[in-house]
K.L.:
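Handing you a structure now.
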Amino acid sequence: MSRYLLSIYQPDGPTPEPEVLNKIMADLDVLNQEMRDAGAWVFTGGLHPATTSTVVRVNDGEVLTTDGPFAEAKEHVGGLWVIEAPDLDVALGWGRKAAQATTLPIEVRPFAGYRE
């Protein structure tokens, strides 16, 4: 089995209206349970807005922190799953289901060097 990161890319801006968000959250509950039942689910979590980020970096040997996201963009990672799948095709299947549940783009990326 390999591990994959499924990243949710969401636009900056206000949270969707309750009638939209409630359906998405219900669909995510179903998807998360399906992943658990299939033995694919390792971890999932949503993130606060990118504006709550702090970046830590080293510049000329000095550690600096700055408020805000590392990259300015119209979309940021809003949440993620870590899943286990036998191959990329299976991971992409979970990515498709995640895109349908969230109505947002999902990036599917394998972890480097991880194999169970």
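Bear in mind the structure is a predicted one, so any value in this text is a computation, not a measurement.
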K.L.:
Quick one: pull up CD1 in I24 and CG in D29 and give me the separation to the nearest 0.5 Å.
P.N.:
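It comes to 12.0 Å.
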
K.L.:
Would R3 and I83 count as a side chain to side chain contact (heavy atoms under 4.5 Å, CB included) here? Give the steps.
P.N.:
CA-CA 6 Å; R3 284 206 173 154; I83 65 164; over 6 Å; no

K.L.:
If you compare all heavy atoms of A40 against all heavy atoms of W94, which two are closest, and at what distance to 0.1 Å?
P.N.:
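Closest pair (atom of A40, atom of W94, distance): CB-NE1, 3.6 Å.
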
K.L.:
At their closest point, which heavy atom of P11 faces which heavy atom of L104, and how far apart are they?
P.N.:
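Closest heavy-atom pair between P11 and L104: CD-CD2, 3.8 Å.
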
K.L.:
Following the transitive rule for hydrophobic clusters with a side-chain heavy-atom cut-off under 4.5 Å over Ile, Leu, Val, Met, Phe, Trp and Tyr, establish whether M25 and I106 coincide in one cluster.
P.N.:
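Hydrophobic grouping puts M25 with I106.
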
K.L.:
Side-chain contact test, heavy atoms from C-beta onward, threshold under 4.5 Å: evaluate it for V58 versus L64 and give yes or no.
P.N.:
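Sidechains of L64 and V58: no contact.
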
K.L.:
For side chain to side chain contact (heavy atoms under 4.5 Å, CB included), just list the numbers for L6 and M35, CA-CA rounded to whole Å, side-chain angles, deciding distance to a tenth of an Å, and then say yes or no.
P.N.:
CA-CA 12 Å; L6 279 59; M35 287 180 172; 4.3 Å; yes

K.L.:
Between F111 and V90, is there a shared hydrophobic cluster once you connect ILVMFWY residues whose side-chain heavy atoms come closer than 4.5 Å?
P.N.:
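No, no single cluster joins them.
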
K.L.:
What heavy-atom pair brings A91 and A85 nearest, and what distance separates the two atoms?
P.N.:
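Nearest heavy atoms, A91 then A85: N-CB, 3.9 Å.
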
K.L.:
Hey, is CZ on R109 packed in by over 12 heavy atoms from elsewhere, all under 6.0 Å?
P.N.:
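Atom CZ in R109 is not packed in, count stays at 12 or less.
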
K.L.:
Going by side chain to side chain donor-acceptor pair (under 3.5 Å), name the pairs with one or both residues in residues 65-80, residues two or more places apart or in two chains.
P.N.:
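Applying side chain to side chain donor-acceptor pair (under 3.5 Å) to every pair that reaches into residues 65-80, excluding sequence neighbours, yields D12-H76.
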
K.L.:
May I ask you to check whether Q33 and D37 show a side-chain donor-acceptor distance below 3.5 Å?
P.N.:
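Yes.
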
K.L.:
Evaluate the side-chain proximity of L5 to L80: yes if any heavy-atom separation is below 4.5 Å, no if none is.
P.N.:
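Yes; the side chains approach each other to less than 4.5 Å.
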
K.L.:
Identify, with sequence neighbours excluded, every residue that meets salt bridge (charged side-chain N to carboxylate O under 4.0 Å, His left out) alongside D27.
P.N.:
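Checked D27 against salt bridge (charged side-chain N to carboxylate O under 4.0 Å, His left out); matches are K23.
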
K.L.:
Please write out which residues are connected to L47 in a hydrophobic cluster, directly or through intermediates, given that two of Ile, Leu, Val, Met, Phe, Trp, Tyr count as joined at side-chain heavy-atom separations below 4.5 angstrom.
P.N.:
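Grouped by the 4.5 Å side-chain rule, Y9, V77 form the rest of the cluster around L47.
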
K.L.:
Is V63 close to V56 at the side-chain level, that is, under 4.5 Å between some pair of heavy atoms?
P.N.:
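Yes, side chains in contact.
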
K.L.:
Could you check W81 against V42 for side chain to side chain contact (heavy atoms under 4.5 Å, CB included), going step by step and ending with a plain yes or no?
P.N.:
CA-CA 7 Å; W81 287 268; V42 175; over 6 Å; no

K.L.:
Between P69 and A50, which heavy-atom pair has the shortest distance, and what is it?
P.N.:
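Here P69 and A50 meet closest at CD-O, 3.4 Å.
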
K.L.:
Following the transitive rule for hydrophobic clusters with a side-chain heavy-atom cut-off under 4.5 Å over Ile, Leu, Val, Met, Phe, Trp and Tyr, establish whether L31 and V20 coincide in one cluster.
P.N.:
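Result: yes, single cluster for both.
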
K.L.:
Compare all side-chain heavy atoms of L92 with those of V108 and state whether any distance is below 4.5 angstrom.
P.N.:
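Counting from C-beta outward, L92 and V108 do come under 4.5 Å.
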
K.L.:
Using only atom types and a distance under 3.5 Å, with no angle test, would you say the side chain of D87 pairs donor to acceptor with the backbone of D89?
P.N.:
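Side chain of D87 to backbone of D89: a pair is present.
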
K.L.:
With a 4.5 Å heavy-atom cut-off, do E84 and Y4 have their side chains touching?
P.N.:
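Heavy-atom side-chain distance check fails, nothing below 4.5 Å.
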
